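Along the sequence shown, residues carry numbers from 1. Since the model is a prediction, treat every value here as computed from it, not as a measurement.
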Amino acid sequence: MNRRFLWLALLAASPAFAGWQPSAELGAVSTSGNSDTTSINGRLGLKGEDALWTHEYHLAALRAEQSDELTANRYETAGKLARKFGERTYLGAAARYEDDDFAAYDYQATMAVNYGAWLVREEGRSFQLEGGPGARRARLAETGEVESSALLRGFADYQHQLTDSTKFFNTLLVEATGDNTFAQNDIGVAVSINRSLALKAAFQARRNSQVPDGTRRTDTLTSVNIVWSPKAK
């Protein structure tokens, strides 16, 4: 499995059509004086949907320094495509790769087949569930040992347009194997500034069930980002 280009395989398999929806977000903090700190996080996304297919791809990164010492360095790339069967159900595939210099695993790469459904899909509100089997490959940071195993993937996404300008979201991803269970939850709100820009406040929690002694199982990230996403005409 070529872990660095899993999402490219999904993108190459996607049918070409008009209507791609790009997005980008960026958050940064810098302080100086008694303590010099710099942190930056960003995300690029691309979504598309037509009568038969849905597509979603993203690239995310996090980097932080304190007094010229690197304290966080992580990037993730992921992709999903699915063939719809009616208005609510679909069958597809998902791939994800992450590289983290400060985690229990140097990298984790996963690919899975998914069956999914929108339990709720209406104006201003949606609730999506999907799950299926797949495979995982990862390398332990402490020993360099490579783990390869089958996995079971689960995904849930809830979106609610609270007002004309405010949107609430909560997304959960779980990748369970015999070696490790990875879970990530993102919750927050996005407030529109104008037609293309929004301010997003979010809290992310990431957890690995199996980590070496002295390594924490859970990492968290609190962020306030500017989001650009042009509205479809």
Side-chain angles (χ1 to χ4, degrees), residues 4-8 10-12 14-31 37-50 53-65 72-82 92 94-100 118 120-128 130 155-173 184-206 219-233:
R4 297 182 182 275
F5 298 102
L6 290 176
W7 71 278
L8 287 176
L10 291 177
L11 186 59
S14 301
F17 67 98
W20 290 103
Q21 185 71 20
S23 65
E25 60 183 82
L26 181 66
V29 174
S30 179
T31 66
T37 63
T38 303
S39 65
I40 185 168
N41 71 89
R43 190 178 191 274
L44 298 174
L46 186 64
K47 290 185 178 182
E49 182 175 352
D50 63 8
W53 295 90
T54 65
H55 319 262
E56 184 175 348
Y57 310 98
H58 77 256
L59 173 65
L62 168 67
R63 184 178 177 90
E65 294 182 2
N73 190 37
R74 181 178 79 222
Y75 74 87
E76 176 189 79
T77 182
K80 296 197 301 182
L81 67 87
R96 187 181 73 88
Y97 172 77
E98 71 168 44
D99 190 297
D100 193 334
W118 287 279
V120 177
R121 200 179 198 196
E122 58 191 29
E123 185 70 26
R125 192 162 65 102
S126 67
F127 181 40
Q128 180 183 5
E130 62 187 41
F155 175 82
D157 180 44
Y158 179 71
Q159 308 270 340
H160 192 174
Q161 192 73 40
L162 300 175
T163 69
D164 289 343
S165 61
T166 304
K167 185 177 186 178
F168 169 83
F169 61 88
N170 189 22
T171 302
L172 173 66
L173 170 66
Q184 176 177 314
N185 193 81
D186 294 86
I187 186 170
V189 294
V191 180
S192 298
I193 299 172
N194 55 36
R195 183 174 174 83
S196 300
L197 295 177
L199 186 66
K200 185 178 85 171
F203 176 78
Q204 180 185 90
R206 298 161 54 91
D219 294 303
T220 64
L221 173 66
T222 302
S223 61
V224 178
N225 290 0
I226 291 290
V227 180
W228 169 80
S229 181
K231 300 295 184 181
K233 295 182 179 181

Review point. Between F127, F168, F169, which is the residue that forms a side-chain contact (heavy atoms from CB on, under 4.5 Å) with Q159?
Key: F169
Check your understanding: Which word best sums up how the rings of Y97 and Y75 line up, parallel for under 30°, tilted for 30 to 60°, or perpendicular for over 60°?
Key -> tilted
Practice item. Using the side chain to side chain donor-acceptor pair (under 3.5 Å) rule, take T171 and D157 through it: C-alpha gap first, then chi angles, then the decisive distance, then the call. Key: CA-CA 4 Å; T171 302; D157 180 44; 2.8 Å; yes
**Study point:** From CA spacing to verdict: side-chain contact (heavy atoms from CB on, under 4.5 Å), L197, V227
**Key:** CA-CA 6 Å; L197 295 177; V227 180; over 6 Å; no
Review point. For N194, does the CG atom sit with more than 12 other heavy atoms under 6.0 Å from it, leaving out its own atoms?
Key: yes
Practice item. Could you grab the distance from atom CG of L199 to atom CD1 of I226, nearest 0.5 Å is fine? Key: 5.0 Å
Exercise for review: Mind running side chain to side chain donor-acceptor pair (under 3.5 Å) on D100 and N73 for me, showing each step along the way?
Suggested key: CA-CA 6 Å; D100 193 334; N73 190 37; over 6 Å; no
Review point. Roughly how far apart are T77 OG1 and L44 CG, rounded to 0.5 Å?
Key: 10.0 Å
Review point. Between W53 and H55, how do the two ring planes meet: parallel, tilted or perpendicular, split at 30° and 60°?
Key: parallel
Review point. Taking only residues two or more places apart in sequence, or in another chain, which ones meet T166 in a side chain to side chain donor-acceptor pair (under 3.5 Å)?
Key: T163
Point to revise | Where W228 and P22 come nearest, the two heavy atoms and their spacing | key: CH2-CG, 4.1 Å
Practice item. State, yes or no, whether a side-chain contact exists between S196 and S229 at a heavy-atom distance under 4.5 Å. Key: no
Point to revise | Test salt bridge (Lys or Arg N to Asp or Glu O under 4.0 Å) applied to K80 and E49, step by step | key: CA-CA 12 Å; K80 296 197 301 182; E49 182 175 352; over 6 Å; no
Exercise for review: Carefully, step by step, assess N170 and L172 under the rule side-chain contact (heavy atoms from CB on, under 4.5 Å).
Suggested key: CA-CA 7 Å; N170 189 22; L172 173 66; 5.8 Å; no
Point to revise | N41: partners by side chain to side chain donor-acceptor pair (under 3.5 Å), with sequence neighbours left out | key: N225
Review point. In this structure, which one of E98, R96, R206 forms a side chain to side chain donor-acceptor pair (under 3.5 Å) with Q184?
Key: R206
**Study point:** D186 side, atom CG; F203 side, atom CZ - distance, nearest 0.5 Å
**Key:** 10.0 Å
Check your understanding: Quick one: are V120 and Y158 in side-chain contact, heavy atoms under 4.5 Å?
Key -> no
Point to revise | S39: partners by side chain to side chain donor-acceptor pair (under 3.5 Å), with sequence neighbours left out | key: none
Review point. Distance from I40 atom CD1 to S223 atom OG, nearest 0.5 Å?
Key: 12.5 Å
**Study point:** Interatomic distance, Q128 atom CD to T54 atom OG1 [nearest 0.5 angstrom]
**Key:** 7.5 Å
Study note, to complete from the structure: Rounded to the nearest 0.5 angstrom, the CD-OG distance for Q161 and S126 is 10.5 Å
Practice item. Kindly indicate, with the supporting measurements, whether the criterion side-chain contact (heavy atoms from CB on, under 4.5 Å) is fulfilled by H58 and E76. Key: CA-CA 8 Å; H58 77 256; E76 176 189 79; 2.9 Å; yes
Exercise for review: Start with the C-alpha distance between E65 and R63, add both sets of side-chain angles, then the distance that settles salt bridge (Lys or Arg N to Asp or Glu O under 4.0 Å), and finish with yes or no.
Suggested key: CA-CA 7 Å; E65 294 182 2; R63 184 178 177 90; 3.5 Å; yes
